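Following: one structure in structure tokens, then a few remarks.
Just so we're clear, the structure is a prediction, and the values are computed from it rather than from any experiment.
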Amino acid sequence: MTATEEGQRAGTTTRLTGRVAVVTGAGQGLGKAIAAALADEGAAVALLGRTRQKVVDACSELLDKGQRALAIGCDVADRAAVENAVAETLTDFGQIDIVINNAQGGSQNVPMAAGAPTIDLGDDDVLDYFRSGPLGTLHVMQAAFDALRESDHAVVINFGSAIGVRGGARMAAYAMAKEAIGGLTKSAAIEWGKHGIRVNQVCPNGMSPASEAYRDEDPARWERIAREIPLGRFGDPYEDIGRAIVALVSDDLKFLTGATIMIDGGQVLLR
């Protein structure tokens with residue numbers, strides 16, 4: 001690890017000092033790494049997750065480094081739970097400047113995994129994705145709106161997927177949900193710009209517990225997919241995805257809104 005990386009992980013940089021971030025799905029994988037990257041840049045972070053013990057453990061790692069963090073058990077599909085989580089964040093930290101809508105449930109939670117054929121999809125299969133994806137994202141955005149418009153650095157980052165952009169066999173339910181998040185992102189960017197709130201979407205390709213399980217099931221298949229990525233690998237949750245999110249929420253990109261950013265090593269170009 002370089003000196004710069006050690007400094008980042010030790011929380012010695014201050015790019016986001018004085019700002020408060022809410023990160024959903026923060027108990028593991030990309031959400032946990034993004035929360036750490038934001039905290040390492042000085043942000044206070046509220047970590048939200050459906051499994052409370054996971055966010056408590058992730059939060060403890062940040063607190064142990066002297067960073068400001070709060071763990072909140074929250075299923076984003078539950079509007080009341082989201083409103084309570086936002087209220088708790090405001091009680092503890094007094095403001096919200098950054099919202100990271102990373103949470104996405106559903107039985108096909110790994111985009112690469114084989115899902116159900118389109119012809120066999122039932123309403124519940126699709127609604128399972130919509131409740132936690134587009135609706136969960138909407139719940140958090142609406143609950144945080146009043147706080148965001150009071151901020152001088154307000155930004156929302158929603159999570160789409162390359163599967164939504166290019167489609168995928170047996171992935172219609174997941175693709176539908178992710179494309180809906182893209183539509184929400186663009187519409188909110190248009191409406192909320194007058195309040196100084198930026199709204200963007202990212203489509204990441206990073207390692208997570210789910211993707212690690214997929215890799216371990218068939219290492220040869222995994223290596224074949226990795227070779228098809230122009231940069232030749234999957235993204236590191238902290239260095240590649242977390243640091244990219246830091247850049248997107250910082251003032252360096254304060255004129256960017258309504259955009260979809262592919263943080264995927266170029267994979268969408270070839271698949």
**Request:** Apply side-chain contact (heavy atoms from CB on, under 4.5 Å) to the pair Met176 and Val126, showing each step before the final yes or no.
**Result:** CA-CA 8 Å; Met176 290 164 67; Val126 176; 3.8 Å; yes
**Message:** Checking Thr185 against Thr260 for the side-chain contact (heavy atoms from CB on, under 4.5 Å) test, could you report, in this order, the C-alpha distance in whole Å, the side-chain angles of both residues, the deciding distance, and whether it holds?
**Reply:** CA-CA 9 Å; Thr185 298; Thr260 294; 5.9 Å; no
**Message:** Tell me whether Val249 shares a hydrophobic cluster with Leu256, the cluster being built from Ile, Leu, Val, Met, Phe, Trp, Tyr side chains joined at under 4.5 Å.
**Reply:** yes
**Nearest heavy atoms of Asn200 and Arg198, plus distance in Å** = ND2-NH1, 3.5 Å
**Request:** For Asp57 and Lys54, indicate whether the former's side chain and the latter's backbone hold a donor-acceptor pair under 3.5 Å.
**Result:** no
**Fill in**
Here the gap from Leu248 atom CG to Lys254 atom NZ, rounded to the nearest 0.5 Å, amounts to 15.5 Å
**Asked** Val20, Leu70: one ILVMFWY side-chain cluster at the under-4.5 Å cut-off?
**Response** yes
**Request:** Please examine the side chains of Leu16 and Leu38, heavy atoms only from C-beta on, and report whether any two atoms are closer than 4.5 Å.
**Result:** yes
**Request:** List the steps and the verdict of side-chain contact (heavy atoms from CB on, under 4.5 Å) for Phe234 and Asp240.
**Result:** CA-CA 9 Å; Phe234 289 86; Asp240 296 319; over 6 Å; no
**Request:** Locate the shortest heavy-atom distance separating Phe130 from Ala180; write the atom from each residue and the value.
**Result:** CE2-CB, 3.7 Å
**Message:** Working note: Glu88 + Asn84, criterion side-chain hydrogen bond (donor to acceptor under 3.5 Å, both in side chains); need CA distance, chi angles, decisive distance, verdict.
**Reply:** CA-CA 6 Å; Glu88 186 174 347; Asn84 289 337; over 6 Å; no
**Prompt:** Looking only at heavy atoms, what is the nearest atom pair of Pro237 and Gly29, with distance?
**Reply:** CB-O, 4.5 Å
**Prompt:** Heavy-atom distance under 4.5 Å between the side chains of Leu48 and Val23, does that happen here?
**Reply:** no
**Asked** If you look at every heavy atom in Pro230 and Gly265, which pair is closest and at what distance?
**Response** CD-O, 3.4 Å
**Asked** At their closest point, which heavy atom of Ala147 faces which heavy atom of Leu90, and how far apart are they?
**Response** CB-CD2, 3.9 Å
**Message:** If only side-chain N and O atoms count, and only distance matters, is there a donor-acceptor pair under 3.5 Å linking Gln95 with Asp97?
**Reply:** yes
**Prompt:** Can you tell me how far CG of Leu135 sits from CG of Asp78, rounded to the nearest 0.5 angstrom?
**Reply:** 12.0 Å
**Request:** Rounded to the nearest 0.5 Å, what's the gap from CD1 on Ile96 to CG on Leu148? Could you check?
**Result:** 6.5 Å
**Request:** Check whether any side-chain heavy atom of Asn101 lies under 4.5 Å from a side-chain heavy atom of Met141, and answer yes or no.
**Result:** yes
**Asked** Are the charged groups of Arg149 and Asp146 less than 4.0 angstrom apart, N to O?
**Response** yes
**Prompt:** Does a salt bridge link Arg19 with Asp251, judged by any charged N lying under 4.0 Å from a carboxylate O?
**Reply:** yes
**Asked** Gln142 versus Arg79: any side-chain heavy-atom pair under 4.5 Å?
**Response** yes
**Asked** Do Asn158 and Gln201 have side-chain N/O donor and acceptor atoms under 3.5 Å apart?
**Response** no
**Prompt:** With a 4.5 Å limit on heavy-atom distance, are the side chains of Val202 and Phe159 in contact?
**Reply:** yes
**Prompt:** Which atoms form the tightest heavy-atom contact between Ala46 and Phe93, and what is the distance?
**Reply:** N-CE1, 4.1 Å
**Asked** Is any side-chain heavy atom of Asp252 less than 4.5 Å from a side-chain heavy atom of Arg15?
**Response** yes
**Request:** Before giving the answer on side-chain contact (heavy atoms from CB on, under 4.5 Å), spell out for Arg215 and Arg221 the whole-Å C-alpha distance, their side-chain angles and the decisive distance to 0.1 Å.
**Result:** CA-CA 8 Å; Arg215 175 197 62 195; Arg221 175 184 57 187; over 6 Å; no
**Asked** Going only through I, L, V, M, F, W and Y residues with side-chain contacts under 4.5 Å, is there a path from Leu62 to Leu30?
**Response** yes
**Sub-4.5 Å side-chain heavy-atom contact between Ile157 and Val99** = no
**Item:** Summary of ring pair (Phe, Tyr, Trp, His ring centres under 6.0 Å) pairs that have at least one residue in residues 186-205, sequence neighbours excluded
**Value:** Phe145-Trp192, Phe145-His195
**Message:** A side-chain contact here means heavy atoms from C-beta on lying under 4.5 Å apart; do Thr24 and Val140 qualify?
**Reply:** yes
**Prompt:** Roughly how far, to the nearest 0.5 Å, is SG of Cys74 from CG of Leu47?
**Reply:** 12.0 Å
**Asked** How long is the gap from OG1 on Thr257 to NZ on Lys186, to the nearest 0.5 Å?
**Response** 11.5 Å
**Request:** Answer with yes or no whether the hydrophobic clustering places Ile34 together with Ile72; edges join I, L, V, M, F, W, Y residues whose side-chain heavy atoms lie under 4.5 Å apart.
**Result:** no
**Request:** Decide, yes or no, whether a salt bridge links Glu223 with Arg233 under the criterion of side-chain N to carboxylate O below 4.0 Å.
**Result:** no
**Request:** Determine, using the 4.5 Å side-chain heavy-atom cutoff (strictly less than), whether Val156 and Ile98 are members of one ILVMFWY cluster.
**Result:** no
**Request:** May I ask you to decide whether Glu61 forms a salt bridge with Lys32, counting only side-chain N to carboxylate O separations under 4.0 Å?
**Result:** yes
**Request:** Identify the residue among Arg166, Gln267, Met262 that makes a side chain to side chain contact (heavy atoms under 4.5 Å, CB included) with Cys203.
**Result:** Met262
**Asked** At what distance, to the nearest 0.5 angstrom, does OG of Ser60 lie from NZ of Lys65?
**Response** 12.5 Å
**Item:** Enclosure of Asp123 CG (heavy-atom neighbours >12, cutoff 6.0 Å)
**Value:** no
